[in-house]
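Each remark here refers to the structure printed beneath this line.
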Protein chains: 2
Amino acid sequence: MKFNKVAVKAVTLVDQVEEQILSYIVENKLTLGNEIPSELTLAENLNVGRNVVREALSRLRMLGIVESRKHKGMVVREPDVMKCFTKVVNPYLLSKQSILDLLDLRVSIESGIAELILSNITDEDITELESIISRHTYQDDMKLKVENEIEFHSKLYRITKNQAVIDLLEMILPLFSYVNEKYEDFKPLNQKNKEKLVKHEDLIPLLKARDVDGYRNAIYNHLKAYSEYIKQTRNIK
Amino acid sequence: MKFNKVAVKAVTLVDQVEEQILSYIVENKLTLGNEIPSELTLAENLNVGRNVVREALSRLRMLGIVESRKHKGMVVREPDVMKCFTKVVNPYLLSKQSILDLLDLRVSIESGIAELILSNITDEDITELESIISRHTYQDDMKLKVENEIEFHSKLYRITKNQAVIDLLEMILPLFSYVNEKYEDFKPLNQKNKEKLVKHEDLIPLLKARDVDGYRNAIYNHLKAYSEYIKQTRNIK
DNA sequence: ATGACCGTTATGTCCTACAAATGTAAATAT
DNA sequence: ATATTTACATTTGTAGGACATAACGGTCAT
């Protein structure tokens, strides 16, 4: 028995037109603000129906590559690199493995940006971080409120001044919230490593001292505690 | 003169329908393989034209959230987290700043995954890395061929066994290639820091020794050399 | 029971039509 | 002649019809 069906032609016209329009933009070196032909001219030139062109443009619009000004025409935009993430990074749509991978990715990045943070951080940043910590409230004696977690770490991200870093990590944060809420009896620490649990306030002196290695180690332990716990308890409520 | 136009209704029907379908999936707890209503029934229930539904579905299809089996129906899929990246991370579409941000993100992640790599790496992995290095060829006496760069680092990524890490970094790699080719007279090292330039072969002993801090420091310097050079020379060919 | 046939259904594609809004050119008023 | 108004053409957003094609399921004949 032989399978001669070499290629299942799953690519639709829309897929092709989408690529053609992208090629058009690249080849004509169109940049921010340049106009692209109207839907009708595109349809005529590409020999397809206007619907097909609209579907392709709809996708490009979602990616932020083009923008449509109603009743005027469409122009090229600079895509928002991480924007497409928002729709996909949804705990209800992702598998448990994907979520775990993303949470581990977060640990790696937050450790990896230690140099970036400590070479950029100002005294004002540190003051703001302290202010955020002072507003921290706890659900019970162990579990910090999710909003506080998000506020603190978001501030850390913004210190990098790297928009890709900021967007990517802020996209992953809600995932952490979801897991945090969903896991039953979530306690990132148990008795035996209670003493070495790193809290937000423990990071401040390291930031003040501009201690890169110390900070990286601390933030790693701070996050890894959660990550490890989640991996151990596989059952989600 | 007052602006009473409270909200510019930029959201189209397609945007709304897209959200509605997503909500439908989430609320009905549809998962991998579950069918969603046909285009026509969706259009009727949502009181919109079939075109609108098709555009919305076309977007979800691109994100990998749904899959259409021709003439049969549409089913829910698990979206590929990083897939949407491929279309957006295109050096011709992104601004120079976005590219630089992404390259810095790469440096941070490759440093940040040091723990992950060194806790996972096997002797076979190291042997394979050595084998890759043995096949390295140089364009001139300084510049390693881009394919070799990609091959070596891709192998490093795969050691993490974290699909999000692998996909994200492999998405950024071609960007590096582009910059590498585009920058005129690209030399990551100059005379004064020639001695401290870290090459691929310098990483091997650190990997063998499972020296996390040493490896992280080395890979950081290895990548930062390029990154810094690019930031200095602002003009692209 | 097996195989041939037919109708139903779903997606992919094309087409026409119209509303709304925008820019432009012509027409009109001053 | 200039300014204002009007009318038209263009473009996106949306609706709806039409058809080809392919998969599925049921019926009927053998």
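Hydrogens, waters and symmetry mates play no part in the numbers below; they use all other heavy atoms, side chains included. Letters A, B, ... mirror the listed sequences (proteins, then strands); counts begin at 1. Since this is a predicted model, take the numbers as computed values, not measurements.
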(message) Applying salt bridge (Lys or Arg N to Asp or Glu O under 4.0 Å), can you list everything that pairs with B:E19, at least two apart in sequence or on another chain?
(response) none
(request) Calculate the interatomic distance between A:E55 atom CD and D:dG13 atom P; express it in whole Å. (result) 14 Å
(message) For the helix from C:dA1-D:dT30 to C:dT30-D:dA1, what angle separates the axis at the start from the axis at the finish, each from five pairs, in steps of 10°?
(response) 30°
(request) Mind calculating the distance between CD (B:E18) and P (D:dT14) to the nearest angstrom? (result) 13 Å
(request) Decide if atom NZ of A:K145 counts as having more than 12 heavy atoms of other residues, nucleotides or ligands within a radius under 6.0 Å. (result) no
(request) May I have the distance from A:E39 (atom CD) to D:dG13 (atom C1'), rounded to whole angstrom? (result) 8 Å
(message) Using a 4.0 Å cut-off on heavy atoms, which residues in residues 58-68 of chain B reach DNA chain C? List them by number, or say none.
(response) B:R61, B:S68
(message) Apply side-chain contact (heavy atoms from CB on, under 4.5 Å) to residues B:I132 and B:N148 and explain how you reach the verdict.
(response) CA-CA 8 Å; B:I132 291 173; B:N148 295 136; 5.9 Å; no
(message) Under a 4.0 Å threshold between the charged nitrogen and the carboxylate oxygen, would B:K72 count as salt-bridged to B:E35?
(response) no
(request) Figure out the CD/C1' separation between B:E44 and D:dT14, and round it to whole Å. (result) 16 Å
(message) B:D80 vs B:D167, test: side-chain contact (heavy atoms from CB on, under 4.5 Å). Steps then yes/no.
(response) CA-CA 10 Å; B:D80 188 340; B:D167 290 344; 3.9 Å; yes
(request) Heavy atoms of chain B, cut-off under 4.0 Å: which first and last nucleotide of DNA chain C, 5' to 3', fall inside that, if you could look? (result) C:dA10 to C:dT13
(message) Expected output is a numbered-order residue list: members of residues 25-35 of chain A with a heavy atom under 4.0 Å from any atom of DNA chain D. What is it?
(response) none
(request) Would you name the heavy atoms of B:R61 and A:R59 that are closest together and state the gap between them? (result) NE-NH2, 4.1 Å
(request) Give the minimum heavy-atom separation between A:E78 and A:L32, together with the two atoms involved. (result) CB-CD1, 4.0 Å
(request) Using a 4.0 Å heavy-atom cut-off, write out nucleotides 16-23 of chain D from 5' to 3' as B (base contacted by protein), S (sugar-phosphate only) or - (no contact). (result) B-B--BBS
(request) Kindly indicate whether the side chain of A:P37, heavy atoms from C-beta on, has any atom under 4.5 Å from the side chain of A:Y24. (result) yes
